Amino acid sequence: MKENKVKDITSRDIDFSKWYTDVVKKADLIDYSSVKGCMIIRPYGYAIWENIQSTLDKTFKKLGHQNVYMPMFIPESLLNKEKEHVQGFAPEVAWVTHGGSEKLEEKLCVRPTSETLFCEHYAKIINSYRDLPKLYNQWCSVVRWEKTTRPFLRSREFLWQEGHTIHATEDEARLETITMLNCYADFCKNILAIPVIKGRKTEKEKFAGAVDTYTIEALMYNGIALQSGTSHYFGDGFAKAFNIVYSDKENKLKYAHQTSWGVTTRLIGAIIMVHSDDNGLVLPPNIAPNKVIIIPIGKDDNLNKRAYEFKKLLECNGINTIIDNSDKSPGFKFAEAEVKGIPVRIEFGQRDLENDSVTMVRRDNGLKEIVKIEDIPNKVLELLAFIQNDMYERALLRKNEMTFTAKNLDEMEKIINKQPGFIKAMWCGNEKCEIQIKEKIGVTSRCIPLDNNEKISDKCVCCGKDAKELVYWGKQY
RNA sequence: CGGGAAGUAGCACAACUUGGUAGUGCGUUCGGUUUGGGACCGAGAGGUUGCAGGUUCAAAUCCUGUCUUCCCGACCA
């Protein structure tokens, strides 16, 4: 490996946690605020979120979803309507108890999630099968009073989207749940270059109030798993609690079936922990706010003029480009561009121009290439596609390398002591084993994979009784 | 929420042990010289030492509380 070119970033192989916070700060993604766990998302960090948002929003709309906005306050009585749901969220909600100096008659919870608000609304607007389905989504922030906080991975307020849909039948709702799970998985793969495991959560790990919770699980560089998105099938549980009924074609009253699904700013944490390196952020081209940075070397006016020409040329091809023509030294600019993870750097000086060429450098692997000026737009387009693809392939390879199998607890323990990662192992389906594995080995069930029928063994990894399912286990953020 | 560490200029740190009114480097501003991997010279600006109490003639320094950050656990996207 090359020497670390960036000052003040701890090596990720020496102290991964420290490295993560260093990158977050040095790339200028966030600043801390004076309230614990509440971060200021800086312009560069927010630009990444905006890209995530706009890409997903288009996909949602293509699939027929509409955006709405729900209030941020939930009356206590409303939150209390669905038992499991309250129990799951009550420990971490923030309450508003006063308006001005007046004590409120009923305290208001700051939404940790909006199921109850959507349900209350659906109960009002749904009467007939003709009113179904409703495919709503909202972009907003939610508040969960976390004890331990980390930028992007766990903050007390975070940005997300929450889709809430309601359907006439179970089949239709289940299809929606899986459709959205696939939508997230495809987004991670194609846009964020992050491979994920699609799966179902165990009873123990599922969302409070859900019949089934589906998840996409990504593996970070250090082998720790990150739940990166969830999609829930609610059955008619919420419909019963909130009395959401409709008249079907035979004029019989029926309960509706619901789903909800969401991804959060945590995805930014995933991008960092999957792709970035000791020189800072590495952004997949498809999500990078700026795809190219042009750095003219020297202060000749002509260099500047050419830089703007190149920028214009690239932007005509839809490639966001910035120029660094400050009077910092070239080395400084290179390092700065690397910390920020800009996928392609174009550098040129008088020497290059005399040969009608520029130098292009890839952020992901540092490879340099001399490119003829006339080839610039095509070459950049090609490079961006290569980078996107290579970043996914590298992440996939690393995920696969860090995915192990175990037939019994001893094997599990050996694996986890040597190198954290995903551990595939069979499970009998009994929650007692799940708890025991967590207590003894320190890993939790991540998911029961959807598209993997492998049989590691006939027996449960924990109790040795007949195995029912393959489970991905791992340490998690 | 438990266990540990830390908070002094934008950033990294020194001064704290032994109380006497804050310093270094980087950055920043201005002027100049530079430019192919974090340039150089000169001049300047920037601080009620996280906050609140207490001890004292006197507190960055000692004591108490509190807030924030980081690390390790338990809980969660």
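Heavy-atom basis, side chains included; hydrogens, waters and symmetry copies ignored. Within every chain, numbering begins at 1; the chains are lettered A, B, ... in the order of the sequence lines, protein sequences first and strands thereafter. The structure displayed is predicted, hence computed values, not measured ones.
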- Task: Classify the angle between the aromatic ring planes of A:Phe118 and A:Tyr136 as parallel (below 30°), tilted (30 to 60°) or perpendicular (above 60°).
- Result: tilted

- Item | RNA chain B base-pair string [pairs: Watson-Crick or G-U under 3.5 Å; |: paired with another strand] | (((((((..((((......[..)))).((((((.....)))))).....(((((..]....))))))))))))....

- Message: Can you identify which nucleotide, out of B:rG37, B:rG36, B:rU34, has its nearest atom closest to the A:Ile297 side chain?
- Response: B:rG36

- Below 4.0 Å: OP1/OP2 of B:rC67 and any side-chain N or O of A:Ser34: no

- Task: Could you give the distance separating B:rU35 and B:rC16 at their P atoms, to the nearest angstrom?
- Result: 45 Å

- Message: Applying side-chain contact (heavy atoms from CB on, under 4.5 Å) to A:Leu353 and A:Leu303, what does each step give before you reach the verdict?
- Response: CA-CA 9 Å; A:Leu353 290 185; A:Leu303 292 170; 3.6 Å; yes

- Message: Rounded to whole Å, how long is the line connecting atom NZ of A:Lys25 with atom P of B:rA12?
- Response: 8 Å

- Message: Are there over 12 heavy-atom neighbours, none belonging to A:Lys36, within less than 6.0 Å of that residue's NZ?
- Response: yes

- For A:His85 and A:Phe207, what are the C-alpha separation, side-chain angles and deciding distance, and is it a ring-ring contact (aromatic ring centres under 6.0 Å, His included)? CA-CA 8 Å; A:His85 187 68; A:Phe207 180 85; 5.8 Å; yes

- Identify whether NZ of Lys or CZ of Arg in A:Arg398 sits under 6.0 Å from the centre of the six-membered ring of A:Tyr221 and within 45° of that ring's axis. yes

- Taking the six-membered ring for Trp, are A:Phe238 and A:Phe234 parallel (under 30°), tilted (30 to 60°) or perpendicular (over 60°)? tilted

- Message: Expected output is a numbered-order residue list: members of residues 78-92 of chain A with a heavy atom under 4.0 Å from any atom of RNA chain B. What is it?
- Response: A:Glu92

- Query: For the pair made of CZ in A:Arg345 and P in B:rG36, what is the distance, rounded to whole Å?
  - Reply: 13 Å

- Message: Measuring from the side chain of A:Arg154 (C-beta onward, heavy atoms only), which nucleotide among B:rC75, B:rG37, B:rG36 has the closest atom?
- Response: B:rC75

- Comparing A:Asp15 with A:Val358, nearest RNA chain B nucleotide closer to 5' gives the residue A:Val358

- Message: For a quick check of understanding: with a heavy-atom distance under 4.0 Å over all strands, which category does A:Ser155 fall into, base, sugar-phosphate or nothing?
- Response: base

- Task: Using only heavy-atom distances, determine whether the side chains of A:Ser231 and A:Thr177 contain a donor-acceptor pair under 3.5 Å.
- Result: no

- What pairs with A:Glu431 under side-chain contact (heavy atoms from CB on, under 4.5 Å), at least two apart in sequence or on another chain? A:Glu203, A:Lys204, A:Glu434, A:Ile435

- Task: Ignoring hydrogens and angles, state whether a donor on the side chain of A:Glu205 or A:Thr444 is under 3.5 Å from an acceptor on the partner side chain.
- Result: no

- Query: Ignoring hydrogens and angles, are the base of B:rG37 and the side chain of A:Glu338 linked by a donor-acceptor pair under 3.5 Å?
  - Reply: yes

Please output the side-chain donor-acceptor pairs of residues 190-201 of chain A that fall under 3.5 Å, not counting sequence neighbours, one pair per line with the distance.
| from | atom 1 | to | atom 2 | distance (Å) |
| --- | --- | --- | --- | --- |
| A:Asn190 | ND2 | A:Asp186 | O | 3.2 |
| A:Lys198 | NZ | A:Asn182 | OD1 | 2.7 |
| A:Arg200 | NH2 | A:Glu469 | OE2 | 2.8 |
| A:Lys201 | NZ | A:Glu217 | OE2 | 2.9 |
| A:Lys201 | NZ | A:Gln227 | OE1 | 3.0 |
| A:Lys201 | NZ | A:Arg446 | O | 3.0 |

- Query: Which part of the nucleic acid does A:Arg351 contact within heavy-atom distance under 4.0 Å: base, sugar-phosphate only, or nothing?
  - Reply: base

Polar atom pairs between nucleotides 1-3 of chain B and protein, under 3.5 Å, N or O only, would you list them?
| from | atom 1 | to | atom 2 | distance (Å) |
| --- | --- | --- | --- | --- |
| B:rC1 | N4 | A:Thr148 | OG1 | 3.0 |

- Message: Judged by each residue's nearest nucleotide on RNA chain B, which is more toward the 5′ side, A:Gly298 or A:Tyr477?
- Response: A:Gly298

- With A:Asp277, the salt bridge (Lys or Arg N to Asp or Glu O under 4.0 Å) member among A:Arg12, A:Arg394, A:Arg363: A:Arg363

- Remember a base hit wins even if backbone is also touched, and classify A:Thr359 as base, sugar-phosphate or nothing at under 4.0 Å, heavy atoms. base

- Item | Nucleotide nearest A:Thr149 when distance is taken to its side chain, options B:rU35, B:rU69, B:rG38 | B:rU69

- Cation-pi, A:Tyr44 ring and A:Lys340 (6.0 angstrom, 45 degrees): yes

- Base of B:rG37 paired with side chain of A:Ser329 (donor-acceptor, under 3.5 Å): no

- Pi-cation contact, A:Tyr477 with A:Arg154 (under 6.0 Å, within 45°): no

- Under a 4.0 Å heavy-atom cutoff, the residues of residues 218-231 of chain A touching RNA chain B are A:Gln227

- Does atom CZ of A:Phe16 have more than 12 heavy-atom neighbours from other groups under 6.0 Å away? yes

- Reckon A:Gly442 touches a base, only the sugar-phosphate, or nothing at all at heavy-atom distances under 4.0 Å? nothing

